[in-house]
Enquirer: 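Quick one: the structure is below, questions incoming.
Keep in mind that this is a model prediction, so the values were computed, not measured. Chain letters run A, B, ... following the sequence lines, proteins first, then strands; residues in each count from 1.
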Amino acid sequence: MGTFWRLLTFLRPYRRGVIVSFALAAVAMGTGVLIPFLVGRTVDEIRTGKTNLWPLALAILGAALVRLVFSVARRLIAGRVSLGVEYDLRNRMYQHLQSLELAFFDEQQTGQLMSRATVDLQSVRFFLGYGLIFILQSLVTIVVAAVVMLALSVELGLLALVPAPFIFVVAFRYGRRNRPASQEVQQRIAELTAEVEENVGGIRLVKAFAREERQLGRVRDKAARVFDQSMVSTRLRAFYNPFIGFLPNLGLALVLIVGGTQAVHGEITLGEFVAFYGYVQLLSGPVRMLGIALGMAQRAVASGARVFEVLDRAPQMTVPEEAPDLPPGDGHVELRGVSFAYEGTSEPVLRDVDLDVPAGRTIAIVGGTGSGKSTLVSLLPRLYDPSMGGVLIDGADVSEVRLDSLRSQVGLVSDDPFLFSDTIRNNIAYARFDAPKDAVEDAAQRADIHDFILSLPGGYDTLVGERGVTLSGGQRQRLAIARALVMDPRVLILDDATSSVDATTEAAIKRALAELMEGRTTFIIGHRLSTIALADEIVVLEAGRIAERGTHDELLETSELYREIAEKGAPDRRFLTRETAEREVAGL
Amino acid sequence: MRRLWVIIRGEDRRGRKLRGLIELLKPYRGRTTLMFVALILATAASLAPPYLAGRAIDDGIRAGDLDALYVIVAIFLAAAGVNWVATYAQTYLVNWVGERALQDLRVKLFRHLQRLSVGFYSRNKAGVLISRMTNDVEALNQLVTDSVVTLFQSTLTLIGTAVILVLLDVKLALVTFLCFPLLAAGSLAFRIASTGAYRLTREKIAWVTAYLQETLSGVRVVRAFGQEPRHEERFAELNEDNRAANMKTVYLNAAYFPSVELLSAIATGAILLYGGHQVVSGGSVTIGVLASFVFYLNSFFDPIQALSQLYTTYQAGMAALDKIFELLDEEPEIVDKPEAIELPRVNGEIRFEDVCFTYGSGDDAALALCDVDLTIPPGMTVALVGPTGAGKSTFVKLVARFHDPTRGRVLVDGHDLRDVTEKSLRSQLGMVPQEGFLFSGTIRDNIAFGKPDASDVDLEHAARAVGAHEFISALPAGYDTEVGERGGHLSAGQRQLVAFARAAVADPRILILDEATSNVDVHTEGRIEAGLRRLLAGRTAIVIAHRLSTIQGAGRIIVLDHGRVVEQGTHDELLEAGGAYARLYRDWAEQAA
């Protein structure tokens, strides 16, 4: 119930619009209810032989015109309110999500979040925008009609109202039972879709192993499941809909019998009888609507609870008020006693790490899988906060400076870089939107991707991503490198940043990278000896601790662990790595 | 006017597509007929009440005849009962037939998709193909179920109502019909306008959703580069676009629906005026008839609105049908010749006889392989080496017969691949793709993919052979571990090993392997190398190779460049020859130092 009231607060900025549309709806419905009454009066006039029916006809027309004007106004205002609420809700959700720290997203499935932001939001706004109005409209219609009917004849009025509660209950129950049934249909369609997706992705395998029949069997099963569930939904619909249609007829029959008898005995006029019949016809719609609207309200509350779950989650990465920018400097990086464990895990990934990197140094971090390399570097742009200890850049603790100033000075290139659906230019200039054309092209040149870009039909304006050109892993990495270079950051982090680039291209980039790393604090995580060799110093991580530190030659001599890594270094066995194909295509 | 007619009719091809749709319904003739019977019954029963009410007024109330009244009410209730039962039957049947037809269509589409060649899949985006089978089939759903009912029911109701009204009183009927053209035209205009408007809203919301999805997927990058404000701004823009598009539909709806209500009231007024005058001046119209007319007005307006709604569903359904038929019209590139023979158990000798292969045709043609003429003896491991685009994948695709050569022949054990059935070839073929693609399911399921009738013992044997057994048995659920979508629950190295086991259990005579380039830790790397060695032994293997150990251990290295075979030989031979391979080796060795 608390959720219900909280949902209503979204209407607060539109108070006036809501009240006005309620008033308009009330008048519109009220006038509409007059019409059967007027029709009845007309019939009586006809009965008494009056030929001048114009006044009544005009009265009907007048009522209808009033209803039109108020209806139109109501729809426009209510529509505006509803869309306004939707707009607000969406923006609020989006902004809130952007304020949350990365750790939040690690725990969530994108699908779930999307569902909150689309399906659940929709449910809430339908109710706030339309559901409330429907409830009001229906109530007004029912109440006014009931009053008029009772005024005409108490017994007949009561009788005519008898079917109403039944219609309401049945409509409501139908909604309650139907929703889970149709959701299950959607669920099964989703399962079928997933099966098809998999098959399209793995078609080469299916053909190579000649397993078409097997896959067809699986799809057949899933399609049959969709059918079965659709029939469950159908049976519900086939039962309830005609049932709901029958009930008003029952009411009409009652009016015919009782009202007809009363009219024969002169207790009510023929006109009043006609009016009653019209009212029963009129009422079935609103009563059904009430049942449906109540279902809408229930769903909105359930969805609202889920939406609030997200909105109530407070951002946990905070920056003190009036935090200063990152102080000027050349990128002196320090880690003091840093320990870190991912949320929800007990095993720390980093244990008591002490690292002092003077400005301009290039440090290579090596270690086995899970030794904490990527985690360590992600602390520098403050993607995560350490559980213990502190990270300092140029003397300032990164948790005490403005995030945007910090992040504009730390550039990160990872091994599977994400590009946005946008032009190549905008992707490269991502961190510095106002970067001049030269800066962008210069960065692309140094990343050895400029020529490739020019070879594309759209050049720098070519769209990449979902709706655009699909790039290979190596091409994406080079773009990501260009993206980081445009930033001209104090601290550069290359996390396995050339894993998909073949040896020849890497050689070209390496020259550029070496040039760039000159005088810039750089952290390199890589597997290739050739990459590691670029560093001034190497740090060996093992189980979250710094095991060794020194130059390549020093470590070869002193560290067995390092020797092992260097000699068995897997990628060095790569003879001629070619650019990997995009993820979609499985294999050849 | 003509344009309007064209819009309503659609193109000529539509005739063919509608026939195709009806084909789907053919197996269910019986139920379909029953459904129509139920529909007619239900419609007839729904037309009765207003007429009966009118008779109740004339014969019952005005005549003061209570018995007549009771009889009429009894008939009224009976009609309502018939309506109930008939509507139940009709709803059930129409959905049953419709959903069955869709199910058949889904299976048919999928089977067709399976037959299409690998080239087709490369040319078309996966998302588009999937959309055919899901979104487009769903769009037909409405068309085949509700729309059919609405079309017939509404039309019948309209015609039935019109007939009854004319029979009751011609002149009054004509007065009533006066509003019809205006209503029909208005409804159609509204539908046409709102179809466009709603399409726009769907587009806009798709943008909003896509943007949201993207920023969630790329949240790491957004945070790392601190670009939140920019994204918020852009989102607000897209949100605003959506609002504007929706506002248009609000205007349209506000213009249309109240107007229809007004029209209904005007019609009521006109009927009362004219009809009332007739009654009073002693014309043919009785009050009962007048009442019937007023009550029938609803049965007029609702069907017209429902029919106009059909327009949107029809458009959407036809568009979907177009796309589905486009897909069904695609022919597979590779088909078995009518006289194709079964390939007997082969030793695995592969021969390329003057083979050339070109992708595409005309201006788009790209020469991928040319003048390839070589023989690979059975049981040899061949390593394909060369830069990107040299033709390595093409070579391998020709062996698997994913394509036929443009010129020349590819032979296995002396049989031209075009002369044998696809199935008999592929059943002797095995493949390990670069990415270790696994299907969702258990590890057991995935290994068994190579040989469906394999026993658990066979599966374990294969796993042991490639060195996968250790890590599998170390998992809590062992062989019954769920691997997740595309094998996502396992690490890259583990996926590779399972893929090896899958190929091993199939025990193919010819193995095609595309070496993965992802980096794995030292121990897994060692296991993979060992497993690979065992997998390659005892069969002809063609490997797109990256590992030095694989290349050095190959019986023959084939160096490709720009679609041509530049060199062939063992590692030592080629180094001595000092040609292309020796250069590549030297470059790499310098890199590694």
Side-chain angles (χ1 to χ4, degrees), chain A residues 42 46 49 51 53 57 60-61 64 68 71-72 75-76 79 83 87 90 94 98 102 105 110 193 196-197 200 202-203 208 210 212 219 223 227 230 234 238 242 246 249 253 256-257 260 263-264 274 368-369 381 404 407 412 418 431 503 527 530 568 570 572-575 577-578 586-588, chain B residues 56 60-61 64 69 73 76-77 80 84 87-88 91-92 95 99 103 106 110 114 121 126 129-130 133-134 216 218-219 221 223-226 228 235 239 243 246 250 254 258 262 265 269 272-273 276 279-280 291 388 393 423 426-427 431 433-434 437 517 519 521-522 525 546-548 591-592:
Chain A
T42 317
I46 295 173
T51 39
L53 301 164
I60 293 178
L61 185 65
L68 174 83
S71 261
V72 171
R75 276 170 185 270
L76 288 175
L83 290 177
Y87 178 84
R90 272 219 194 89
Y94 189 80
Q98 290 288 30
L102 198 54
F105 292 94
T110 313
T193 309
V196 173
E197 257 179 321
V200 170
I203 187 67
E212 288 94 335
V219 167
F227 174 81
S230 299
T234 299
F246 179 78
N249 278 334
L256 277 176
I257 278 268
V264 165
V274 170
T369 324
D404 56 350
R407 290 177 178 163
L412 174 61
F418 185 88
H527 301 273
S530 47
K568 291 199 190 150
D572 294 312
R573 304 261 120 194
R574 293 285 179 269
F575 182 66
T577 312
R578 65 150 157 80
L588 308 167
Chain B
I61 299 174
L69 187 63
V73 173
F76 188 97
L77 275 172
W84 183 351
T87 309
Y88 175 91
T91 311
Y92 185 87
N95 277 282
E99 291 290 337
Q103 182 184 0
R106 284 196 174 102
F110 186 74
Q114 295 260 49
Y121 284 86
L129 295 177
I130 294 165
M133 270 208 63
T134 51
L216 285 182
V219 68
V221 172
R223 294 286 175 276
F225 288 87
E228 293 91 337
F235 185 80
N239 203 4
R243 172 170 38 185
N246 272 286
V250 168
L262 180 66
L272 284 173
L273 264 181
V279 172
V280 167
T388 322
S393 330
K423 193 162 168 130
R426 303 256 172 80
S427 58
M431 186 173 118
Q434 189 186 50
F437 186 97
T517 54
N519 298 313
D521 64 81
V522 174
E525 177 64 27
H546 302 291
R547 280 189 188 77
L548 188 63
Q591 273 296 303

Enquirer: So how far is it from B/R426 CZ to A/E212 CD, rounded to the nearest 0.5 Å?
Expert: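 CD of A/E212 is found 7.0 Å from CZ of B/R426.
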
Enquirer: If we define contacts as heavy-atom pairs under 4.5 Å, which of B/G60, B/A265, B/A80 has the most with chain A?
Expert: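 Of the candidates given, the most pairs with chain A belong to B/A80.
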
Enquirer: Report yes if the side chains of A/V196 and B/R106 come closer than 4.5 Å at any heavy-atom pair, otherwise no.
Expert: no

Enquirer: Minimum heavy-atom separation for A/A431 and B/F225, please, with both atom names.
Expert: CB-CD2, 3.3 Å

Enquirer: So, the side chain of B/E99 versus the backbone of A/F227: is there a donor-acceptor pair under 3.5 Å, distance only?
Expert: no

Enquirer: Relative to chain B, which segment of A/L256 carries a heavy atom at a distance below 4.5 Å: side chain, backbone, both, or neither?
Expert: both

Enquirer: Provide the closest heavy-atom pair for B/Y92 versus A/A238 in the form atom of the first, atom of the second, distance.
Expert: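 Here B/Y92 and A/A238 meet closest at N-CB, 4.1 Å.
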
Enquirer: Could you check whether any side-chain heavy atom of B/L272 comes within less than 4.5 Å of a side-chain heavy atom of A/L53, counting everything from C-beta outward?
Expert: no

Enquirer: Please identify, among B/R223, B/Q103, B/Q114, the residue contributing the most non-hydrogen atom pairs under 4.5 Å to chain A.
Expert: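 Highest number of heavy-atom pairs under 4.5 Å: B/R223.
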
Enquirer: Check whether any side-chain N or O of A/R75 sits under 3.5 Å from a backbone N or O of B/V250 as a donor-acceptor pair, and report yes or no.
Expert: no

Enquirer: So does B/F235 get a backbone contact from the side chain of A/R90, meaning a donor-acceptor N/O pair under 3.5 Å?
Expert: no

Enquirer: Would you mind checking which part of B/L69 comes under 4.5 Å of any heavy atom in chain A, side chain (CB onward), backbone (N, CA, C, O), both or neither?
Expert: side chain

Enquirer: For the interface with chain B, which of A/L61, A/N249, A/L412, A/I60 has the highest count of heavy-atom pairs at distances below 4.5 Å?
Expert: A/N249

Enquirer: Against chain B, label A/T193 side chain, backbone, both or neither, depending on which of its atoms sit under 4.5 Å from a heavy atom there.
Expert: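 Contact with chain B involves both backbone and side-chain atoms of A/T193.
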
Enquirer: Non-hydrogen atoms of chain B under 4.5 Å away: do they reach the side chain of A/V219, the backbone, both or neither?
Expert: side chain

Enquirer: Could you grab the distance from atom OG1 of B/T87 to atom CZ of A/F246, nearest 0.5 Å is fine?
Expert: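 B/T87 OG1 to A/F246 CZ: 11.5 Å, rounded to 0.5 Å.
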
Enquirer: Where does A/Y87 contact chain B at under 4.5 Å (heavy atoms): side chain, backbone, both or neither?
Expert: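 For A/Y87, the contact with chain B is made by backbone and side chain together.
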
Enquirer: Which atoms of B/Y88 come close to chain A, meaning under 4.5 Å heavy atom to heavy atom: side chain ones, backbone ones, both, or neither?
Expert: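 Both the backbone and the side chain of B/Y88 come within 4.5 Å of chain A.
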
Enquirer: Heavy-atom pairs under 4.5 Å with chain B - which of A/A57, A/A253, A/A263 has more of them than the others?
Expert: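 Heavy-atom pair counts peak at A/A253.
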
Enquirer: Out of B/G64, B/A254, B/G269, return the one with the most heavy atom pairs under 4.5 angstrom to chain A.
Expert: B/A254

Enquirer: B/L129, B/V279, B/T91: which one forms the most heavy-atom pairs within less than 4.5 Å of chain A?
Expert: B/T91

Enquirer: So for B/A224, is it side chain, backbone, both, or neither that comes closer than 4.5 Å to the heavy atoms of chain A?
Expert: both

Enquirer: Can you name the closest pair of heavy atoms from B/I61 and A/G260 and give their distance?
Expert: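 Closest heavy-atom pair between B/I61 and A/G260: CD1-CA, 3.7 Å.
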
Enquirer: For the candidates A/V274, A/T42, A/D404, A/I257, which exhibits the highest count of non-hydrogen atom pairs separated by less than 4.5 Å from chain B?
Expert: A/I257

Enquirer: Among B/R243, B/E228, B/K423, who wins on heavy-atom pairs under 4.5 Å with chain A?
Expert: B/R243

Enquirer: Step by step, would you call B/M133 with A/E197 a side-chain contact (heavy atoms from CB on, under 4.5 Å)?
Expert: CA-CA 10 Å; B/M133 270 208 63; A/E197 257 179 321; over 6 Å; no

